[in-house]
Undergrad: 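Before I ask anything, here is the structure I am working with.
Counting starts at 1 for both ligands and their atoms, following the listed order. This chain uses plain numbering: 1 for the first residue, then up along the sequence.
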Amino acid sequence: MADAAGANAITVLVVDDDPFVCKWFVRQLNSLGYGEVSACVSARDAILVLEAASGAFDLVFCDLQMPDMDGVEFVRYLVQSNYKGGLVLISGEDQRILQTAEKLAQGRNLNVLGALKKPATPAQLQKILANSLAATAQRRDNAEAHSYVAADLELAIAGGQLVNHYQPKVELASGKVIGVETLVRWQHPRHGLVPPERFIRLAESAGLIEALTHAVLNGALRQSRQWHNSGLDLRLAINISMLSLSDISFPDIIAGLAAEAGVAVSTVVLEITESTLMKDPIASLDILTRLRLKGFGLSIDDFGTGHSSLVQLRDVPFNELKIDGGFVHGAWNNSSTKAIFDASLGLARQLKITAVAEGVEDRADWNFLRKAGCDLAQGDFIGKPMPGGRLAEWISDWHERDLAA
Ligand code: C2E
Ligand code: MG
Ligand code: MG
């Protein structure tokens, strides 16, 4: 899609059974410089228009509630006809229906630019159009992103190309920095810093996760020792794949590495992410219980997503619960998100374990969490993941920030 300057080169189709809504969109889009705007008052008409143009529209605005064919059916048609442009859903229905329809369309790999609750305002429309440009750029980046095979990653691990970044975890009541989470990156010689989402699953499926975990652990434990030597006592969190928990010797190996590095196991928290189903639940339980017996902290990561988190919470001796960012950011402003956040925090309270909120992106999130009485917070608003050498300076800057609500 073209940039804002090229808005007049973009072809837009508005589909809504209410002719006034159609007119409103056409007028607004015209005034924003979108010259080629067509409107249809039924999905069936819209299909004829799309077919006549061989689907060559850049952007479609579609109402959900229409008498002849509803928006969900129309979205299905778009998928079948291989529509490649952007889609904005509009509806006068409950916000939750709109959000679900949006997820549904995304799930079908349509380029969903957003959802607008009627009556929409010009500002909301403008925001969606602006976001669409950023999202399109991001998608292009991802489409061009390099994909890797096991041999690349194996060489990277052996060649020391994995580097750890560390993101601060802060106590909400006091603002005190109590620890960091270790997040691995691949310092690729040609592609720059590659995020973990591009290689963790590959490591898991290619049998490289153990080697990766060892590289991360060694670096993090060494870093922790250095911080300790310079007077910084921080809890060190490390992400552990469920797959590492099928090796019965894992608790002894990790305890040995901590002892070698001179790091007390009571300061190490293992964040367990369940990206794959447990291969052998009994072996995992054996390993997790022994890790707690040895004094490691155990954290259930991304709580509220993935498989059977509640079952895990019941069966595994976790002492920390990390509420997924999806239930934190914007919870103050969304009743469903807030309900899930409150329930998760309530669970942590009742189980008497530490609650950590992930994905704290702005001051509104921070203020909400303080009021809610959550224990710890982590997120871009507080500090982005950074190389270990930068942490001391970040901490002194952090203490100078004014965080009064
Ligand atoms: P995670 O453990 O849930 O880590 C939190 C992720 O959220 C990190 O992404 C972090 O950079 C990102 N994040 C932090 N603050 C914010 C925020 O305010 N907003 C948003 N939207 N995101 C925020 P990252 O570093 O890309 O890591 C992604 C995931 O990769 C991690 O999720 C973890 O599951 C996995 N991972 C990272 N390092 C390792 C590792 O050493 N071993 C294993 N097995 N998995 C790892
Ligand atoms: Mg984590
Ligand atoms: Mg997480």
Undergrad: Under a 3.5 Å cutoff, is there a donor and acceptor pairing between the side chains of R225 and N229?
TA: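 Present: a donor and an acceptor within the cut-off.
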Undergrad: Under the side chain to side chain contact (heavy atoms under 4.5 Å, CB included) rule, what do L351 and F318 come out as? Steps first, then yes or no, please.
TA: CA-CA 9 Å; L351 294 166; F318 287 112; over 6 Å; no
Undergrad: Protein N/O/S atoms under 2.8 Å of the Mg ion (ligand 2)?
TA: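 Near the Mg ion (ligand 2), below 2.8 Å, one finds E181 OE2, N239 OD1, E271 OE1, D301 OD2.
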Undergrad: State, without any angle test, whether S299 and E320 hold a side-chain donor-acceptor pair at a distance under 3.5 Å.
TA: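 Indeed, the side chains of S299 and E320 share at least one donor-acceptor pair under 3.5 Å.
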Undergrad: Suppose we call two aromatic rings close when their centres sit under 6.0 Å apart. Are Y166 and W394 close by that rule?
TA: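 Between W394 and Y166, which both carry aromatic rings, the centre distance is not below 6.0 Å.
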Undergrad: Can you confirm whether more than 12 heavy atoms, excluding those of R222, are under 6.0 Å from its CZ atom?
TA: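 No, CZ of R222 has 12 or fewer neighbouring heavy atoms, counting only those of other groups under 6.0 Å.
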Undergrad: Look up atom CG in L50 and atom CZ in F74, then write down how far apart they are to the nearest 0.5 Å.
TA: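 Separation between the atoms: 5.0 Å.
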Undergrad: When the ring planes of W398 and W366 are compared, do they come out parallel, tilted or perpendicular, using 30° and 60° as the limits?
TA: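 If you compare the ring of W398 with that of W366, the planes turn out perpendicular.
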Undergrad: Write none if no such pair exists; otherwise list each N/O atom of ligand 1 with its protein N/O partner under 3.5 Å and the distance.
TA:
{"residue": "ligand 1", "atom": "2 (O)", "partner": "E181", "partner atom": "OE2", "Å": "2.9"}
{"residue": "ligand 1", "atom": "2 (O)", "partner": "N239", "partner atom": "OD1", "Å": "2.9"}
{"residue": "ligand 1", "atom": "2 (O)", "partner": "D301", "partner atom": "OD2", "Å": "2.9"}
{"residue": "ligand 1", "atom": "3 (O)", "partner": "D302", "partner atom": "OD1", "Å": "2.9"}
{"residue": "ligand 1", "atom": "3 (O)", "partner": "E358", "partner atom": "OE2", "Å": "3.1"}
{"residue": "ligand 1", "atom": "15 (N)", "partner": "Q167", "partner atom": "NE2", "Å": "3.0"}
{"residue": "ligand 1", "atom": "15 (N)", "partner": "D380", "partner atom": "N", "Å": "3.4"}
{"residue": "ligand 1", "atom": "15 (N)", "partner": "D380", "partner atom": "OD1", "Å": "3.1"}
{"residue": "ligand 1", "atom": "18 (O)", "partner": "D380", "partner atom": "N", "Å": "2.8"}
{"residue": "ligand 1", "atom": "19 (N)", "partner": "E361", "partner atom": "OE2", "Å": "2.7"}
{"residue": "ligand 1", "atom": "21 (N)", "partner": "E361", "partner atom": "OE2", "Å": "3.0"}
{"residue": "ligand 1", "atom": "25 (O)", "partner": "R185", "partner atom": "NH1", "Å": "2.8"}
{"residue": "ligand 1", "atom": "25 (O)", "partner": "R185", "partner atom": "NH2", "Å": "2.8"}
{"residue": "ligand 1", "atom": "38 (N)", "partner": "V184", "partner atom": "N", "Å": "3.2"}
{"residue": "ligand 1", "atom": "42 (N)", "partner": "N239", "partner atom": "O", "Å": "3.4"}

Undergrad: What orientation do F199 and W186 show, parallel under 30°, tilted 30 to 60°, or perpendicular over 60°?
TA: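 Plane angle over 60°, so perpendicular.
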Undergrad: Does atom CZ of R349 have more than 12 heavy-atom neighbours from other groups under 6.0 Å away?
TA: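 Atom CZ in R349 is packed in, count exceeds 12.
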